[in-house]
Amino acid sequence: MHSLFLHNTLSRRKEQFEPLEPQHVRIYLCGPTVYDLAHIGNARTMVVFDVLVRLLRVLYPRVTYVRNITDVDDKINARARESGEPIEQITARTAADFHADMAALGVLPPDEEPRATRHIPEMVELIQRLIASGHAYEAQGHVLFSVPSFPAYGQLSGHAPDELLAGARIDVAPYKRDPGDFVLWKPSPPDTPGWDSPWGRGRPGWHIECSAMSWRYLGETFDIHGGGTDLIFPHHENELAQSVCAFSGSRFARLWVHSGMLQINEEKMSKSLGNFFTAREVLAKAPAEAVRLALIRTHYRSVAEFSDAAVAEAKRELDRFYRALERYPDLGAADVPPPVMAALCDDLNTPLALSAMHGLADKALAGDFDSACGLRAAGGLLGVVQQSVDEWFRGGADRAAIEAAIAERREARRRRDYKRADAIRAEWSARGVVFEDRPDGSTSWSVVAGQEGR
RNA sequence: GGUCCGGUGGCAGAGUGGUGAUGCAGCGGACUGCAAAUCCGCGAAUGUGGGUUCGAUUCCCGCCCGGACCUCCA
């Protein structure tokens, strides 16, 4: 069996992965805060962890993958105030949109998808534990985590607490004992979502929901916790602090995996800068597998530039993979070929895995059936090359019109009217449908230039 | 200001202390009525200055450039 190596943010090194329970991997990923459509950067993280979980399921008999939905948050409240749309409607609609977008990208559902609002009691219990153990305190209706009570604070992000304060961008609330302290629970006015608690009607702070839900579904200590690099601080640092302090002797997540940011025109894509594409608009312009491939053509820890050109190139790459499968209508089940497996087991090196897949495609094109099966199996692990060849090249096209054009062109070619034959071919080529004449006189066709002709 | 990450062919993008993968694009050839696809072949890169070494793209230091984080963020 292959050994899996993963880069651990906590140690800043690549480590051999060994689950706490040898036969059972427990992994938690920070899911969406549901106030708006997912953008393509959110999608990257979801796709990266989808590949990781697919790999883990090959390597281990049991995987419990938890990805939460955060449906209580001040951004959601703000959105409701601006638009007048009820909060429950915003969160339900956005969660459904998220599910639809992820399904389109081939992101498989997690085993558990807990929602923050359904785990308030667990959050309250965690906060009580923190107060009881001296790691949290109540002040003016708020409950705050006491950063100085946890000497290891900063270990994940690599910052010393005083460094973090040096550049702090916000005013320090007067009720904080220490400027670095963060909110676990805060009071809610009557027009804002709130729950009864020992500290009055209120709502949770940003970080506690992940500590509560990972605890509920994965236990005090589990194997892998993931998210984008922008969550390392403060979100994951604070989760780590809360959970370790709430459960004496626990380690929370043993291995932290963080995926890099996407940029547009060399600038980080983010909702605050407004320079983002929603997954939805990207998917409207290109085949979903091409979008997915574009997201994994770069190693997950690197910053990656995202563009239409990158998706178009991914599309052409997939064209070649599908052509390699074209002559094999009945592909058999196969193991993922060793070079692909080895690449993925080395810190999820998807670009190297893809290069190995090109080697398989070459052999399949040369007539090797086993390589074709291996290529399909490798694609299954990455979540690409899973459609039928016909669907990929010809799905959604106007088959009747194209067949009619081919018949007319065949007739023209028969009487050696090449001018007419070429005109027909050029006309369809302009619509993205390429005609390919075979040696036996027949003509096959495929849609190669994006969505035109479909 | 502090911390961290990164600079590889035209573009995308891996690996590696010992003549630099892979893909896309380009060029030449085969095939084709012409194409397309496919096949064969070609050109093309390690930011910069030092150091260590028999040998550095890889390790170390400086510099330049880019990006991220420093309590909204995947």
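Protein chains get the first letters and strands the later ones, always in sequence-line order, with residue 1 at the start of each. Only a predicted model underlies this, so the values are computations on that prediction, with no experimental measurement involved.
Salt bridge status for R420(A) with E411(A): absent, with no side-chain N to carboxylate O gap under 4.0 Å.
Across the P atoms, rC69(B) and rG23(B) are found 35 Å apart, a figure rounded to whole Å. Comparing the C1' positions of rG28(B) and rC65(B) gives an interatomic distance of 38 Å, to the nearest angstrom. Annotation: rA44(B) and rC61(B) have their C1' atoms spaced 32 Å apart (nearest Å). Rounded to the nearest Å, the gap between the C1' atom of rA25(B) and that of rG13(B) is 14 Å. The gap from the C1' atom of rU22(B) to that of rU8(B) amounts to 14 Å, rounded to the nearest Å. With both ends at atom C1', the span from rG43(B) to rG20(B) equals 15 Å, rounded to whole Å. Distance check on atom P: rG50(B) versus rU57(B) gives 13 Å, rounded to whole Å. Atom name P, nucleotides rC24(B) and rC59(B): the rounded distance is 30 Å, in whole Å.
Checked against R292(A) for a side chain to side chain contact (heavy atoms under 4.5 Å, CB included), the options V311(A), L382(A), V51(A) give a single hit: V51(A).
Here the nucleotide nearest the side chain of L365(A), chosen from rU38(B), rU71(B), rG13(B), is rU38(B). Counting only heavy atoms from C-beta on, S302(A) has its side chain closest to rA14(B) among rC72(B), rA14(B), rC69(B). Closest to the side chain of S355(A), from the set rC24(B), rA36(B), rA21(B), is rA21(B). Closest to the V434(A) side chain, of the nucleotides rA36(B), rC69(B), rA14(B), is rA36(B). Candidate nucleotides rG23(B), rG33(B), rA37(B) were compared by shortest atom distance to the side chain of R409(A), and rG33(B) ranks first. Taking every side-chain heavy atom of T298(A) into account, rG13(B) is the closest of rC39(B), rC72(B), rG13(B). In the set rA36(B), rU71(B), rA12(B), rA12(B) carries the atom at the smallest distance from any side-chain atom of R297(A). Nearest nucleotide to the D362(A) side chain, out of rU71(B), rG23(B), rA36(B): rG23(B). When each of rA36(B), rA21(B), rC34(B) is scored by its nearest atom to the side-chain atoms of R413(A), the top-ranked nucleotide is rC34(B).
With a 3.5 Å ceiling on both atom-pair distances, rA74(B) lacks any Watson-Crick or G-U wobble partner. The pairing partner recorded for rU46(B) is none, the criterion being a Watson-Crick or G-U wobble arrangement whose two distances lie under 3.5 angstrom. Nucleotide rA12(B) forms a pair with rU22(B), judged by Watson-Crick or G-U wobble geometry with both contacts under 3.5 Å. Look at rU3(B): its Watson-Crick or wobble partner, with both distances under 3.5 angstrom, is rA68(B).
Spacing between atom NE2 of H299(A) and atom C1' of rG6(B) amounts to 13 Å, rounded to whole angstrom units. The CG-P distance, from L293(A) to rG13(B), rounds to 12 Å in whole Å. The CD1-P distance, from I402(A) to rA36(B), rounds to 19 Å in whole Å. One can place OH of Y153(A) at 10 Å from P of rU71(B), the figure rounded to the nearest angstrom. Regarding D73(A), its CG atom lies at a distance of 9 Å from the C1' atom of rC72(B), rounded to whole Å. In this entry the distance linking CZ of R323(A) with P of rU38(B) reads 5 Å, nearest Å. Straight-line distance from the NE2 atom of H207(A) to the P atom of rU71(B): 11 Å, rounded to whole Å. One atom, CG of D422(A), and another, C1' of rU32(B), lie 12 Å apart when rounded to the nearest Å.
A cation-pi geometry, defined here as NZ or CZ lying under 6.0 Å from the six-membered ring centre and within 45° of its normal, does not hold between R409(A) and F435(A). Remark: K285(A) qualifies as a cation-pi partner of F277(A) under the 6.0 Å distance and 45° angle criteria applied to the six-membered ring.
Stacking is not found between F435(A) and the pyrimidine-like six-membered ring of the rA35(B) base under the 5.5 Å centre-distance and 30° plane-angle cut-offs.
With the nearest nucleotide of RNA chain B identified for both G31(A) and R416(A), R416(A) has the one nearer the 5' end. Both E305(A) and E317(A) lie near RNA chain B, and the one whose nearest nucleotide falls closer to the 5' end is E305(A).
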Residue pair D223(A), R254(A): steps toward the salt bridge (charged side-chain N to carboxylate O under 4.0 Å, His left out) verdict: CA-CA 5 Å; D223(A) 297 306; R254(A) 302 163 70 229; 3.3 Å; yes
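In this structure, the side chain of D111(A) engages the main chain of Y65(A) through a donor-acceptor pair within 3.5 Å. The main-chain N or O of R13(A) is never found under 3.5 Å from a side-chain atom of N8(A) such that the two would form a donor-acceptor pair.
By the 4.5 Å heavy-atom criterion applied to side chains, P204(A) and V72(A) are counted as neighbours.
On a pure distance criterion of 3.5 Å, no polar donor-acceptor pair joins the side chain of R316(A) and the base of rG23(B). Donor-acceptor pairing under 3.5 Å, judged by distance alone, is absent between the side chain of R301(A) and the base of rC5(B). For N349(A) and rG15(B), a side-chain-to-base donor-acceptor distance below 3.5 Å is absent, hydrogens and geometry of angles not being considered. Residue Q263(A) places no side-chain atom within donor-acceptor reach of the base of rG67(B), judged by atom type and a 3.5 Å distance cut-off alone. Contact annotation: side chain of R425(A) to base of rA35(B), donor-acceptor pair present below 3.5 Å. Counting atom types as modelled, D437(A) pairs a side-chain N or O with a base atom of rC34(B) as donor and acceptor under 3.5 Å.
Using a 4.0 Å heavy-atom cutoff across all strands shown, M269(A) reaches at least one base atom of the nucleic acid. L29(A) comes within contact range of no nucleotide atom at all, as no heavy-atom separation falls under 4.0 Å. Residue contacts shown for G41(A) include a base, since a base heavy atom lies under 4.0 Å away.
Phosphate contact (OP1/OP2 of rC39(B), side-chain N/O of R320(A), threshold under 4.0 Å): present.
The number of heavy atoms from other shown groups lying within 6.0 Å of CZ (R410(A)) does not exceed 12.
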